[in-house]
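Taking it in order: structure first as structure tokens, then the write-up.
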2 protein chains.
Amino acid sequence: MRRDIFQAVADPTRRAIVLLLAVQAMTPNSIAEHFDTTRQAVSKHLRILSECELVKQQQQGREIYYHLEAEKMKEIEAWLEKFRQIWQTRFSQLDEVLEQLKKKR
Amino acid sequence: MRRDIFQAVADPTRRAIVLLLAVQAMTPNSIAEHFDTTRQAVSKHLRILSECELVKQQQQGREIYYHLEAEKMKEIEAWLEKFRQIWQTRFSQLDEVLEQLKKKR
DNA sequence: TATATAAGCAACCATTTGGTTTCGCAAATA
DNA sequence: TATTTGCGAAACCAAATGGTTGCTTATATA
């Protein structure tokens, strides 16, 4: 079972949940109220978000507050950064080549 | 059929393909050589990447070069930025509240 | 104490996914 | 011209996904 943050954020409902939880910790029921879906469906999304540790639970009486582990988002940034480096290096290499061609003329 | 960039980069093989194509445009066969998979499987991934316009084709004889549309990556950055703003605002609001409490004492 | 509420869990279902094999077409090459 | 090569498309398959309904447990409240 693939379960990484990219998989977690692939679903639009889960992305919306992440943004919701970025504002404040919430219970499954209160999250579900923001969407056109059932609590159980939200619960499943929360489980996936929990499994890749993007979200943590905090029991409070019979309610469970889910709050965001914002640090985890850095994994996405890290990949983007990796991409950006490759993309930039690619151009700088081209620059070097062009620079070489210039000198030879 | 959901087909957005988040869906596109949800698969680890597709993320690897994106990084490969960030270095240089490649044909399906040469891409497949970098992975433990068939050309057809790569072809399917390329189709998905094409559908969300993260990749463009360029026919050259009987070969088709796939190159990255790096601009598309900004959609991921945009969402991350949105998240970051919410996350930061959340803290600045807390700061304001604390600031208020301080003054009242 | 009886009832209402919050939530996880399991079973089920339709659809999507990632992969394979097979095929046909077009371009290159012998 | 005959053959090889590069490719997409279609048919098929097992597994995963997103959703539903029904159940149980635990906490709060009348």
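Just so it is clear, the structure is predicted and the values come from calculations on it, not from any experiment. Sequence lines set the chain letters: A, B, ... in the order given, protein chains first and strands last, and positions in each chain run from 1.
Nearest-nucleotide mapping onto DNA chain D: of B:Ile64 and A:Ala41, the residue sitting toward the 5' end is B:Ile64.
Note on the helix from C:dT1-D:dA30 to C:dA30-D:dT1: terminal axis deviation equals 10°, with five pairs used at each end and the result rounded to 10°.
Under the salt bridge (charged side-chain N to carboxylate O under 4.0 Å, His left out) criterion, the residue pairs touching residues 12-25 of chain A are A:Arg15-B:Asp4, with sequence neighbours excluded.
A heavy atom lying under 4.0 Å from DNA chain C marks the following residues of residues 20-29 of chain A, by number: A:Thr27, A:Pro28, A:Asn29. Within residues 30-40 of chain B, the residues that have a heavy atom under 4.0 Å from DNA chain D are, in order of number, B:Arg39, B:Gln40.
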Check nucleotides 25-29 of chain C for protein N or O atoms closer than 3.5 Å to its own N or O atoms and list the pairs.
| from | atom 1 | to | atom 2 | distance (Å) |
| --- | --- | --- | --- | --- |
| C:dA27 | O3' | B:Arg62 | N | 3.4 |
| C:dA27 | N3 | B:Arg62 | NH1 | 3.3 |

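Residues passing the side chain to side chain donor-acceptor pair (under 3.5 Å) test with B:Arg39: none are found, sequence neighbours excluded.
Rounded to whole angstrom, the span from the CD atom of B:Gln7 across to the P atom of C:dT16 amounts to 11 Å. For the pair A:Arg47 CZ and C:dG8 P, the computed distance is 11 Å after rounding to whole Å. The CD1-C1' distance, from B:Ile48 to C:dG19, rounds to 11 Å in whole Å. Taking atom NZ of B:Lys44 as the reference point, atom P of D:dA15 lies 16 Å away to the nearest angstrom.
Remark: A:His45 is not in phosphate contact with D:dT17, judged by side-chain N or O atoms under 4.0 Å from OP1 or OP2.
The structure places CD of A:Glu33 at 7.5 Å from OG1 of A:Thr27, a figure rounded to the nearest 0.5 Å.
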